[in-house]
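Read through the structure below, which is laid out as structure tokens, and then see the notes.
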Amino acid sequence: MTGTTNVTAFSSPSFSLHGVGVSSGIAIGHAHLVSNALLEVVHYQLPQHLIEDEIQRFADAVATVKHDLEHIHESLRKNAPAEISAFINTHLMMLADKSLSETPKDIIRKELCNAEWAIKLQMDEVVEQFEQIEDDYLRERKQDVIQVVERVIKVLLGHPHQLSSEQQTSALQQERKLILVAHDISPADAIQFKQHEFAAFITDVGGVTSHTAILARSLNIPSIVALQKARDLIHDGELIIVDGKQGVVIVNPDKSILTEYKLRQEQWELEQQKLQRIKSTKAITLDGENIELFANIEVPEDVVAAKASGATGIGLYRTEFLFMNRREMPSEEEQFIAYKSVAEAMKGQPVIIRTLDLGADKQLSGESETECANPALGLRAIRYCLSEPQIFHTQLRALLRASAFGQIKILIPMLSALSELRQSKLLLERAKTSLRKENTPFNENISLGGMIEIPAAAINAEAFATELDFLSIGTNDLIQYTLAIDRTDDSVAHLYNPLHPAVLKLISLTIKAANKLGKPVSVCGEMAGEAKLTKLLLGMGLRQFSMHPSHILSVKQQILHSQVNQLAHHAKKILALSDIEKIEPLLTKFYTPIEMRAKARH
Ligand code: PEP
Ligand code: MG
């Protein structure tokens with residue numbers, strides 16, 4: 001895998017692109033480009049006699065967008081959140097407003113310019129007016145103006161607009177699989193793709209553990225990031241092959257390549273089916289050690305996939321996605337319903353719910369990551385919650401209320417100092433007191449855990465383990481902060497290595513500290529789902545893993561072939577090394593190769 005793009009010429013017009021595979025599997029389908037239309041607007045002048053035609057072209061585009069928005073509104077699922085409907089209505093209102101639907105016509109007339117340029121000029125003007133507004137909520141509505149104008153410009157440029165459910169259905173009816181091709185997709189956009197049936201997902205930018213990549217993985221389809229020029233080089237509708245494991249995209253493949261990949265696709269699917277045989281097998285090592293395999297989820301509906309994968313609990317519920325793509329914070333009642341639904345669906349199995357981890361690449365609607373110089377080092381996660389005690393209080397009350405309906409445990413993200421933990425405990429106590437006063441039932445002994453994802457917390461893990469009920473190692477951030485590598489930046493993606501000796505040492509330190517104090521510890525970052533690393537983590541003493549449901553069976557396969565007493569010895573040898581290049585080959589010795597997979601115990 002490489003972070004750089006290589007374009008290899010095949011017999012024209014076929015070519016391949018190389019990026020970073022973030023979700024395995026092979027997809028063959030047609031490209032669906034998501035464009036950033038605003039970047040493509042050019043300015044040109046028109047002769048007087050073409051002006052009325054240009055105005056008509058603009059009016060037609062506005063009418064098309066109106067029709068599309070109305071159609072999307074009508075086809076919304078009955079159970080779609082009310083905010084989505086309100087959001088579409090706002091866009092319709094903005095589109096109908098004279099400032100967007102009429103003023104650009106005057107600009108075309110006056111400036112003798114093209115329609116795209118006219119509406120872009122008008123948008124800049126309107127956005128500037130919004131920026132003067134003091135009220136935060138209204139000021140943020142400038143994003144809606146931008147989105148509406150983008151839609152109009154896309155139509156003017158002849159790009160297909162947002163995929164309507166009608167288009168999707170017809171693509172599916174024709175068995176035409178669609179592959180999403182984008183320059184970049186925010187986590188907020190990616191979560192919306194969960195409703196769509198794309199066959200694969202590829203982007204120009206993004207790191208392997210960026211939240212966009214994590215969401216792509218949760219869609220359970222092949223995904224590649226860091227392709228650099230895919231959005232420019234691939235055209236809408238072109239046939240493409242996506243090999244998520246190798247990080248390769250082949251555009252317009254010739255017949256022989258297509259046949260070869262169809263074969264590989266069948267093999268992959270066969271392998272996945274074989275793994276299904278161990279779905280209900282207990283995750284026990286050859287020497288009888290019981291291992292917990294939990295699932296990571298982003299929205300309550302993910303519980304279905306978690307249960308289908310044979311997970312015996314939820315090890316990480318990232319609640320921040322409930323707060324994104326909307327105008328207002330979710331109420332206590334809405335949060336309570338979401339958390340309770342997960343607790344009930346898991347029927348008494350553990351459900352570890354992480355408190356809000358907003359900030360860095362996960363932003364609320366309308367807020368931009370670039371507003372602070374180093375967002376990953378800024379007001380993120382628990383720091384944000386402690387600075388917004390009312391938001392935190394509401395979430396804690398909702399979590400406590402839901403704890404009466406299952407085995408909910410609370411997990412605090414990004415702890416760096418004990419003072420943050422103590423402040424969080426005070427606020428938890430305050431939320432408990434408020435519920436007691438109302439006689440609202442909750443679990444008085446609810447477990448409180450902390451994420452170890454900052455080197456300072458790993459080095460000080462024993463102190464955290466002393467004051468907490470359990471620990472969860474967030475390797476995605478732990479790697480980012482230990483190696484000073486922005487996990488969303490593809491230009492440094494090649495340096496992002498979970499096997500860096502410093503990272504391994506911090507993980508080992510944390511596991512040892514928790515084990516010494518008899519406190520449960522898990523890994524819930526992407527490392528937990530890497531079957532190649534399972535035996536190393538077992539050797540370090542890890543007995544609890546939490547990962548995306550699609551990885552559970554391949555990790556379980558490794559566990560079934562493990563002997564933990566031997567692995568401890570191997571892990572010790574690896575931890576003594578200070579050179580990644582020596583670590584990688586040793587790791588291969590641990591791995592149970594594919595051929596042995598068929599001999600799984602049942
Ligand atoms: C992590 O950092 O490893 C983690 C699990 O949290 P997130 O990926 O949501 O930051
Ligand atoms: Mg994290």
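Both ligands and their constituent atoms are indexed starting at 1 by order of listing. Note: hydrogens, waters and symmetry copies are ignored here, and every other heavy atom, side chains too, is used.
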Practice task
Return yes when at least one N/O/S atom of Glu453 is nearer than 2.8 Å to the Mg ion (ligand 2), and no when none is.
Solution key: yes

Handout entry: Sub-4.0 Å atoms of ligand 1 with respect to non-hydrogen atoms of Asp477
Key = 1 (C), 2 (O), 3 (O), 10 (O)

Practice task
Just let me know how Met414 lines up against ligand 1, side chain, backbone, both or neither, with a heavy-atom cut-off below 4.0 Å.
Solution key: neither

Exercise for the section: Say whether Met527 and ligand 1 are in contact under the criterion: heavy-atom distance to a ligand atom below 4.0 Å. Expected result: no

Handout entry: Name of whichever N/O/S atom of Asp477 is nearest to the Mg ion (ligand 2)
Key = OD2

Problem - Electrostatic pair Lys519:Asp469 at N-O distance under 4.0 angstrom - result: no

Exercise for the section: Output the list of atoms in ligand 1 that are nearer than 4.0 Å to some heavy atom of Gly474, sorted by atom number. Expected result: 1 (C), 2 (O), 3 (O)

Handout entry: Which segment of Arg354 sits under 4.0 Å of ligand 1 when only heavy atoms are counted
Key = side chain

Fill in the blank from the handout: The answer for which part of Leu316 has a heavy atom under 4.0 Å from ligand 1 is side chain

Handout entry: Contact atoms of ligand 1, heavy-atom distance to Arg380 under 4.0 Å
Key = 10 (O)

Practice task
Take the angle between the ring planes of His32 and Phe198 and call it parallel below 30°, perpendicular above 60°, tilted in between.
Solution key: parallel

Fill in the blank from the handout: One finds that the ligand 1 atoms under 4.0 Å from a non-hydrogen atom of Arg487 are 2 (O), 7 (P), 8 (O), 10 (O)

Problem - N/O separation below 3.5 Å, Asn476 to ligand 1 - result: yes

Fill in the blank from the handout: ligand 1 to Cys524, heavy atom cutoff 4.0 Å, flagged ligand atoms 5 (C)

Practice task
Report, in ascending order of atom number, the atoms of ligand 1 lying under 4.0 Å from any heavy atom of Arg318.
Solution key: 4 (C), 5 (C), 6 (O), 7 (P), 8 (O), 9 (O)

